[in-house]
2 protein chains.
Amino acid sequence: MSYRPTAKTRARQKAQHESLLKTAVSIVARDGFHGLTISRLARETGIATGTVYKYFDSKAHLCAEVFRRATEREVDMVRAASFPDQPAPCRQRLTDAVTIFAERAILGGRLAYALIAEPVAPAVEQERLIYRKAYAGIFEQLIEEGVETNEFPDQSPSVSAAALVGILAEVLVAPLGRGDAATDQSLLIDPIRKFCLRAIALRETA
Amino acid sequence: MSYRPTAKTRARQKAQHESLLKTAVSIVARDGFHGLTISRLARETGIATGTVYKYFDSKAHLCAEVFRRATEREVDMVRAASFPDQPAPCRQRLTDAVTIFAERAILGGRLAYALIAEPVAPAVEQERLIYRKAYAGIFEQLIEEGVETNEFPDQSPSVSAAALVGILAEVLVAPLGRGDAATDQSLLIDPIRKFCLRAIALRETA
DNA sequence: TAAAGAAGTGAACCATGATTCACATCTATT
DNA sequence: AATAGATGTGAATCATGGTTCACTTCTTTA
């Protein structure tokens, strides 16, 4: 034999993979998954279309990674708000979690819409479900705890958690799909927060 | 001249249009919008593909009509529950509306999923937004009334209405997209109803 | 520097499915 | 029955965009 991939080589490999992913996310942030095509990704990255396939098995895999990359941090933030280091009452943590989600979704703009609401191919939708479940799982755990400590009235944690996800997606993100971006989204945060508190904690304030 | 479309002709035209639409809805009910292709529609209707275009300008138009056809009745049912002939307290009407939506969605099964949650082409998504807005409009009016009569606590009717739509879509219909159909959906109705009542009316029962 | 294994290239290929169109057939009028 | 307008036909055409592949160009090792 006479060639072995070396550290430097593999670093370049990884860097290129990274670069592609970064470009892909930026395309999605601009034009959604709809705008993400292999040839455009190649063009913007400055390589040939075929080369993309040296780094990703298929477009589905690429989309999945883009999705993962863009969503993981979001989920982590919501998780951190739900289960902070400092102890806090469940209703406060719920409020914080909703707030964090909302603020970041608003900040994310087009990207948030792509991740949460944009119509996408079934393969991508599959990935999306994973992250919806991730959010739901966090909420569910929090609600369970709240019910146990009697901070929250008796309820189905799984249903309530899914409902929260639905609320956030529909109220906050779906409007981006329409021209409704006119509305100042930050005005939505407070009503949403209150709505969620009433629904989960049966009270108006944290 | 020597030919003028007559009543009988136009009746046949209309019947054919109707027949196509009916077949299209049935295809969507079986395999979603994903399964609706012009050639399949033609095949199942027993005509040539080209003929479909004598009745629909484009697939987008066809989908829009399918959507309209399948959704209009649903919206009407929810509207009727929200604004019944007999006077009733807003919280009761809210409960009824949610219940009707839920029961019909469960009955609708695959079709409900296609209408509410299935990933679809942007053109169809556009149509979907119209009907989401229709539901939201009904809820909004009802909530407004409830706030005015002090049955419901002060809140943003538009936000609360959108939230309701999100809840129903996510909790009830989205699971159909996964294999979660295992769960008996009718068990979801009561928790959802209670969740919505808490959120909107700040109480647990109608 | 020669050989082997990677990585890069981009035009060709393929799959899907909507849309068209030249032609045949039907229906209503004269 | 002859004709004009309408409708029906379905194979061919288009459009889009993912995927492949024969080939070139690097990298590393001997």
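Lettering of chains follows the sequences in order, A, B, ..., and the numbering in each one begins at 1. All figures in this text were calculated on a predicted structure; none of them were measured in a lab.
- Atom NE2 in B:H34 sits about 11 Å away from atom P in C:dA18, given to the nearest Å.
- Per the geometry, CD1 belonging to A:I38 stands 14 Å off C1' belonging to D:dT16, to the nearest Å.
- Counting to the nearest Å, the C1' atom of C:dA7 and the CD1 atom of A:I47 are 10 Å from each other.
- At C:dA18, none of the side-chain N or O atoms of B:S39 fall inside 4.0 Å of OP1 or OP2 (strictly under the cut-off).
- For the pair B:L36 and B:T6, both in contact range of DNA chain C, the more 5′-proximal nearest nucleotide belongs to B:L36.
- Near DNA chain C, defined here as any heavy-atom distance below 4.0 Å, the residues from residues 49-63 of chain B are B:G50, B:Y53, B:S58, B:K59, listed numerically.
- When all heavy atoms of A:Q185 and A:L172 are compared, the closest pair comes out as NE2-O, 2.8 Å.
- Applying the side-chain contact (heavy atoms from CB on, under 4.5 Å) test between A:V98 and each of A:I189, A:I192, A:L197, A:I167 identifies A:I192 as the sole match.
- Taking a 4.0 Å limit (strictly below) on heavy-atom distances, residues 13-33 of chain B does not reach DNA chain C anywhere.
- The neighbour count for A:R110 CZ, taken as heavy atoms of other residues, nucleotides or ligands under 6.0 Å away, is above 12.
- For the pair A:Y3 OH and C:dG5 P, the computed distance is 12 Å after rounding to whole Å.
- For the 3.5 Å distance criterion, the side chains of B:S158 and B:E140 fail to qualify, holding no donor opposite an acceptor.
- Each salt bridge (Lys or Arg N to Asp or Glu O under 4.0 Å) pair with one or both residues in residues 75-90 of chain A, not counting sequence neighbours, appears once here: A:D76-A:R79.
- Residue A:R43 is out of contact with every strand shown, counting any heavy-atom pair closer than 4.0 Å.
- Residue B:R12 contributes atom CZ, which lies 8 Å from atom C1' of C:dT27 at whole-angstrom precision.
- The two residues A:I143 and A:A161 come nearest to each other via the heavy atoms CD1-N, 3.8 Å.
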One pair to check against side chain to side chain donor-acceptor pair (under 3.5 Å): A:S26 and A:R30. What are the steps and the verdict?
CA-CA 6 Å; A:S26 109; A:R30 273 172 287 150; 2.7 Å; yes

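- Shown here is B:H17, whose NE2 atom has more than 12 heavy atoms of other residues, nucleotides or ligands within 6.0 Å.
- Enclosure of atom CZ in A:R69 is not indicated, since only 12 or fewer non-hydrogen atoms of other residues, nucleotides or ligands lie within 6.0 angstrom.
- A sub-4.0 Å separation between OP1 or OP2 of D:dT28 and a side-chain N or O of A:T9 is present.
- Separating the CZ atom of A:R10 from the C1' atom of D:dT28 is a distance of 12 Å, rounded to the nearest angstrom.
- In this model, the phosphate group of D:dA30 is not approached by any side-chain N or O of A:R4 to a distance below 4.0 Å at OP1 or OP2.
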